S.K.: 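I am attaching a structure below and will ask some questions about it afterwards.
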Amino acid sequence: MKLFMQGLFVSIFLLCNVKPSFAASEGKHLQPSAPRTVAISESGQPPVIRTGLLQSTLIQLPVEEKVATVFGGDTVDWVFDGGHVASRFVSIKPKTANSSTDVHIVSDHGNEYTLQLREVSADEDPHFDSKVSIAPAEKAGRDKLTEAPVFVPAADLDRAKQELAAAKAEEAAVNKVQDAKAEQYRSQYPGMLHFDYTWDETKGKALGLQQIWNDDRFTYLRGHFQETPALYELKDKTGSLINFDFKDGLYTVPKQLDNGYLAIGKQRVEFHRTGERN
């Protein structure tokens, strides 16, 4: 019993005086550094970005660019998030202490940025990069910023596909309505034709006139003319030239014409609408 009590006393003493191994790491509070800007050269060493365990570091591209794609060497211990909507931002977060990896960012302008990432929770310096702006160091990369994008971010491409599909669906719906209206118009059109004009058949034959009709919107005169007669409208027994289209022996007048006449030189044939629908 005496030996048991001595062992228990020693165990309690050890527990009270031994500090957990993680106390030091828990006691250190990581602090964000002030935002900074780094120029990245495609031929030079990638700049080191200090990251904090379970802390987010924001990588910001130039205002002219958007992220086309992001890929990293270690996707198990690190989280890389370019967002679901195309933007100039990438969020990076380490999940494991003292880990390191690289990340590659390709912009929509064709610039490629490589960064070396290092988790610094075990460093003497508790500061980590909370926000880093990156820019191309070479003139060729800066020139690309003034040009049109060469890549379409996946989010923009998906949105464009959705907009195109919606536009096609809307166009198909509009065409369907227009086709239905056109079909209805074609089916009703014969009933809209009025052959209710009269003229001197002998004079008309001499001039070449064969038929006159209207469809409530236009007036038509067809004939076989050796020379195209002038077309006049008669109002109060006075004739006046009117506008018309003429092609292949067909006059098309953009109005309902009740009275008028065709004339070539001294030849003239008057026509009048009787109001009787045939």
Side-chain angles (χ1 to χ4, degrees), residues 64 66 86 108-110 144 146-278:
E64 298 88 352
K66 290 183 179 180
D108 59 347
H109 283 67
K144 290 180 181 179
T146 63
E147 300 171 356
V150 294
F151 298 121
V152 178
D156 286 355
L157 182 60
D158 290 341
R159 183 168 61 253
K161 288 180 178 179
Q162 293 173 1
E163 291 175 353
L164 178 61
K168 287 184 176 179
E170 182 179 359
E171 182 182 8
V174 171
N175 289 339
K176 185 176 181 180
V177 172
Q178 291 178 341
D179 289 344
K181 289 182 177 179
E183 182 61 31
Q184 182 182 19
Y185 182 79
R186 284 193 295 268
S187 65
Q188 296 175 348
Y189 188 73
M192 298 167 59
L193 300 180
H194 312 306
F195 296 87
D196 52 353
Y197 290 87
T198 182
W199 63 91
D200 187 308
E201 297 286 346
T202 301
K203 292 182 179 180
K205 186 176 181 180
L207 202 61
L209 178 62
Q210 297 172 330
Q211 187 57 267
I212 307 175
W213 71 97
N214 73 66
D215 59 7
D216 293 331
R217 296 178 58 195
F218 297 89
T219 302
Y220 306 91
L221 295 86
R222 177 173 292 283
H224 182 69
F225 307 104
Q226 296 296 324
E227 181 182 346
T228 305
L231 177 60
Y232 296 82
E233 181 178 18
L234 271 176
K235 284 187 176 181
D236 299 326
K237 298 183 179 180
T238 300
S240 58
L241 284 168
I242 58 173
N243 293 326
F244 61 86
D245 291 327
F246 181 83
K247 184 178 180 181
D248 298 330
L250 178 67
Y251 289 83
T252 301
V253 183
K255 62 182 295 186
Q256 288 194 45
L257 193 58
D258 293 330
N259 301 284
Y261 63 89
L262 293 171
I264 299 178
K266 295 183 177 180
Q267 287 185 291
R268 167 172 165 167
V269 55
E270 291 187 13
F271 57 86
H272 306 277
R273 189 175 181 187
T274 64
E276 297 177 1
R277 298 189 177 185
N278 301 317

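Sequential numbering from 1 along the given sequence is applied to the chain's residues. Since this is a predicted model, take the numbers as computed values, not measurements.
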S.K.: With a 4.5 Å limit on heavy-atom distance, are the side chains of D108 and V150 in contact?
M.R.: no
S.K.: Step through the shown structure and confirm whether more than 12 heavy atoms of other residues, nucleotides or ligands are within 6.0 Å of CG on N243.
M.R.: no
S.K.: Just to verify, what does R268 make a side-chain hydrogen bond (donor to acceptor under 3.5 Å, both in side chains) with, not counting sequence neighbours?
M.R.: E270
S.K.: Let me see the working for H194 and D215 under side-chain hydrogen bond (donor to acceptor under 3.5 Å, both in side chains), right down to the final yes or no.
M.R.: CA-CA 6 Å; H194 312 306; D215 59 7; over 6 Å; no
S.K.: With side chains defined as the heavy atoms from C-beta onward, is the minimum distance between W199 and I212 less than 4.5 Å?
M.R.: yes
S.K.: Could you tell me the separation between the NZ atom of K181 and the NZ atom of K176, rounded to the nearest 0.5 Å?
M.R.: 14.0 Å
S.K.: Hey, could you give me the CD/CG distance between Q267 and L262, rounded to the nearest 0.5 Å?
M.R.: 11.0 Å
S.K.: Centres of the F225 and Y251 rings: under 6.0 Å?
M.R.: yes
S.K.: Side chains of residues 226-239: which donor-acceptor pairs under 3.5 Å do they make with residues two or more places apart or in other chains?
M.R.:
residue: E233; atom: OE1; partner: K255; partner atom: NZ; Å: 3.1
residue: E233; atom: OE2; partner: K255; partner atom: NZ; Å: 3.4
residue: T238; atom: OG1; partner: D236; partner atom: O; Å: 3.4

S.K.: Has the side chain of H109 got a donor or acceptor atom that lies under 3.5 Å from a matching backbone atom of E147?
M.R.: yes
S.K.: Please identify each residue that fulfils ring pair (Phe, Tyr, Trp, His ring centres under 6.0 Å) with F271, with sequence neighbours left out.
M.R.: none
S.K.: Distance from R217 atom CZ to T252 atom OG1, nearest 0.5 Å?
M.R.: 12.0 Å
S.K.: Side chain to side chain contact (heavy atoms under 4.5 Å, CB included), that's the test. Do R273 and Q256 meet it? Break it down for me.
M.R.: CA-CA 10 Å; R273 189 175 181 187; Q256 288 194 45; 2.7 Å; yes
S.K.: How far apart are the C-alpha atoms of Y220 and Q211, what are their side-chain angles, what is the distance that settles it, and do they pass the side chain to side chain contact (heavy atoms under 4.5 Å, CB included) test?
M.R.: CA-CA 8 Å; Y220 306 91; Q211 187 57 267; over 6 Å; no
S.K.: Just how far is it from atom CG of D245 to atom CZ of F218, taken to the nearest 0.5 Å?
M.R.: 9.0 Å
S.K.: Please name the residue in the list N214, N259, D258 that meets the side chain to side chain donor-acceptor pair (under 3.5 Å) test with Y197.
M.R.: N214
S.K.: Looking at T219 and L257, would you say the former's side chain and the latter's main chain have a donor-acceptor pair under 3.5 Å?
M.R.: yes
S.K.: Could you grab the distance from atom CG of D200 to atom NZ of K205, nearest 0.5 Å is fine?
M.R.: 12.5 Å
S.K.: Please evaluate residues L221 and L250 with respect to the criterion side chain to side chain contact (heavy atoms under 4.5 Å, CB included), reporting the C-alpha separation (whole Å), side-chain torsions for both, the decisive distance (0.1 Å), and the verdict.
M.R.: CA-CA 6 Å; L221 295 86; L250 178 67; over 6 Å; no
